[in-house]
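Shown next, in structure tokens, is the structure this report addresses.
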Amino acid sequence: MVQRVGVIGAGLMGAGIAEVAAKAGSDVLVWEAKQEFADAGRARLEKSLDKAVSRGKLSEEDRDAALGHLTFTTELKDFADREIVIEAIVENEEIKKDVFRQLDEIVEDPKAALCSNTSSLPIQTIASATKNPGRVLGLHFFNPVPVLPLVEVIPALTSDDEVVERAQTYATEALGKTAIRAKDRSGFIVNFLLVPYMLSAVRMVEQGVATPEDIDTGMKLGASHPMGPLTLADMVGLDTCAFIADVMHKEYGDPSYACPPLLRRMVTAGHLGRKSGKGFYDYSK
Ligand code: 3HC
């Protein structure tokens, strides 16, 4: 059983991953670039644990125990004794490669799994930036991580089978997620289907086919989705949606992955969805 877990990044995804790992009883070390980001990540995580308590999903004792399993740091060198590390920082290839290059030097266990939660970047590119690419794989969680039960496991061509098994066993047995395996192709399984769907909804708004409200109501009531595609895009972050679209479009050259001009303009305007207070909907109130 994995005892020492590392999470790189305490944003939306990183805080969610750290939360489920801490609830599972592992010792969880979370890295952020600056103390203020670490503090914001801890606050986000505490809020989510409190919500779980208020919804009757977690006892107060278990919340306190989970908080006791968490440590925050701004030093990557503190990760030397980690058995599994899950990276969830910004979707930037160069920054991710740099973090994995450093982690590979720092983490001592030769069978430690160094996992990326990237949505769309090639796992092989990240793995090949290290001296031990056998330790690197993709482990892709879904937002909100404490609620959604899926994880995608993505071995690169160079991943060591034993390391992949270790990461998958941790995600399923310790974190209680259901794992599906995908090849290292941009979008893996879920985003390969979900991203063009969200982009199509943006194009429908762009072309004046219907309002965001009616598109979302259509998919909620007509297809029984928990939220419509534009509410979902706002939740994922419109900058993230545009970024993933660009990576997938580059990978496949298929116009269904091309970022619609409206989405690009909204990102330029700073309308990034829920996190900025405005996207297809207004969250400022
Ligand atoms: N901890 C534990 N459980 C929690 C919780 C928390 N912090 N917050 C909520 N829950 C539980 C609730 O108790 C409830 O459980 P129940 O169904 O047993 O009663 C359930 O989660 C739903 O919570 P809410 O009632 O608060 O909220 P909604 O019913 O409105 O659902 C939602 C919110 C879970 C976000 C739902 O709308 C949903 O699933 N939307 C789709 C999300 C989705 O598609 N995510 C994937 C995005 S793509 C991605 O992440 C990949 C990336 O690469 C882009």
Side-chain angles (χ1 to χ4, degrees), residues 7-20 30-52 54-55 70 72 74 86-93 95-96 99 116-121 140-148 150 187 190-191 194-199 201-202 205-206 211-213 215-216 219-220 225-248 259-285:
V7 178
I8 309 288
L12 197 61
M13 296 304 285
I17 295 166
E19 179 185 334
V20 293
V30 187
W31 176 90
E32 254 301 348
K34 289 185 183 162
Q35 191 56 45
E36 64 200 88
F37 299 155
D39 294 343
R42 183 188 276 278
R44 185 197 296 275
L45 201 155
E46 283 174 2
K47 195 170 158 200
S48 176
L49 285 172
D50 285 344
K51 190 170 174 194
S54 72
R55 294 300 181 93
L70 284 156
F72 287 75
T74 54
I86 305 167
E87 166 276 318
I89 53 169
V90 64
E91 284 284 87
N92 177 301
E93 194 170 291
I95 296 176
K96 283 193 198 286
V99 164
S116 177
N117 180 60
T118 181
S119 308
S120 56
L121 293 170
H140 184 218
F141 293 83
F142 293 83
N143 179 26
V145 181
V147 179
L148 295 196
L150 186 72
V190 174
N191 280 342
L194 194 58
V195 170
Y197 160 66
M198 289 191 288
L199 297 177
V202 176
V205 176
E206 198 168 47
T211 62
E213 288 82 357
I215 294 168
D216 282 351
M219 294 312 289
K220 272 169 71 179
H225 288 196
M227 53 174 52
L230 298 160
T231 306
L232 181 59
D234 273 357
M235 187 178 92
V236 169
L238 300 187
D239 50 345
T240 304
C241 290
F243 180 82
I244 299 173
D246 286 341
V247 174
M248 293 183 75
C259 179
L262 173 62
L263 184 59
R264 217 176 281 293
R265 296 299 176 275
M266 290 176 79
V267 173
T268 307
H271 299 171
L272 308 181
R274 210 180 269 186
K275 64 184 165 190
S276 75
K278 190 168 169 49
F280 288 97
Y281 297 94
D282 187 355
Y283 303 90
S284 57
K285 288 169 209 85

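- Remark: aromatic rings of H271 and Y281 are distant, center separation not under 6.0 Å.
- With hydrogens and angles ignored, the 3.5 Å screen pairs a side-chain donor or acceptor of D282 with a backbone N or O of S284.
- Taken from CZ in R265 to CD in E206, the straight-line distance is 9.0 Å, to the nearest 0.5 Å.
- To the nearest 0.5 Å, the span separating OG on S119 from CZ on F141 amounts to 12.5 Å.
- Ionic pairing of D246 and R264 is present here: one or more N-O contacts between side-chain nitrogen and carboxylate oxygen are shorter than 4.0 angstrom.
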Evaluation steps, side-chain contact (heavy atoms from CB on, under 4.5 Å), between T211 and V205: CA-CA 6 Å; T211 62; V205 176; over 6 Å; no
Audit row: M227, D216, side-chain contact (heavy atoms from CB on, under 4.5 Å) steps and yes/no: CA-CA 7 Å; M227 53 174 52; D216 282 351; over 6 Å; no
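- Nearest heavy-atom pair across M219 and P229 is CG-CD, 3.7 Å.
- Residues C259 and A242 approach most closely at SG-CB, 3.9 Å, considering heavy atoms.
- Salt-bridge annotation for K275 and D234: absent, with no side-chain N of the basic residue lying under 4.0 Å from a carboxylate O of the acidic one.
- L232 CG to L194 CG: the interatomic distance, rounded to the nearest 0.5 Å, is 5.5 Å.
- L148 has its side chain within reach of P144: a pair of non-hydrogen atoms, C-beta onward, lies under 4.5 Å apart.
- Counting heavy atoms from C-beta outward, H225 and Y197 have side chains that approach closer than 4.5 Å.
- Residues V195 and C241 are not in side-chain contact: their nearest non-hydrogen atoms beyond the backbone lie 4.5 Å or more apart.
- When every heavy atom of V30 is checked against every heavy atom of A18, the shortest pair comes out as CG2-CB, 3.8 Å.
- Taken to the nearest 0.5 Å, the CZ atom of F72 stands 5.0 Å off from the CZ atom of R42.
- Between E91 and K96 a salt bridge is recorded (basic side-chain N to carboxylate O distance below 4.0 Å).
- T74 places none of its side-chain heavy atoms less than 4.5 Å from the side chain of K34.
- When all heavy atoms are compared, the tightest approach of P146 to E19 is CG-OE1, 3.4 Å.
- Atom CD of E87 is separated from atom OG1 of T118 by 7.0 Å, given to the nearest 0.5 angstrom.
- The closest donor-acceptor contact from the side chain of W31 to the backbone of G9 lies at 3.5 Å or more, if one exists at all.
- Rounded to the nearest 0.5 Å, atoms OG (S116) and CD1 (I86) are 10.5 Å apart.
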Step-by-step side-chain contact (heavy atoms from CB on, under 4.5 Å) determination, H140 to F142: CA-CA 7 Å; H140 184 218; F142 293 83; 3.5 Å; yes
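- Environment of NZ in K278: crowded, with over 12 heavy atoms of neighbouring residues, nucleotides or ligands closer than 6.0 Å.
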Audit row: F280, L238, side-chain contact (heavy atoms from CB on, under 4.5 Å) steps and yes/no: CA-CA 9 Å; F280 288 97; L238 300 187; 3.9 Å; yes
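- Each of L230, T231, V202 was checked for a side chain to side chain contact (heavy atoms under 4.5 Å, CB included) with I215, and the lone residue meeting it is L230.
- When every heavy atom of V247 is checked against every heavy atom of S120, the shortest pair comes out as CG1-O, 3.5 Å.
- Proximity of a side-chain donor or acceptor of E32 to a complementary backbone N or O of A10 within less than 3.5 Å is detected.
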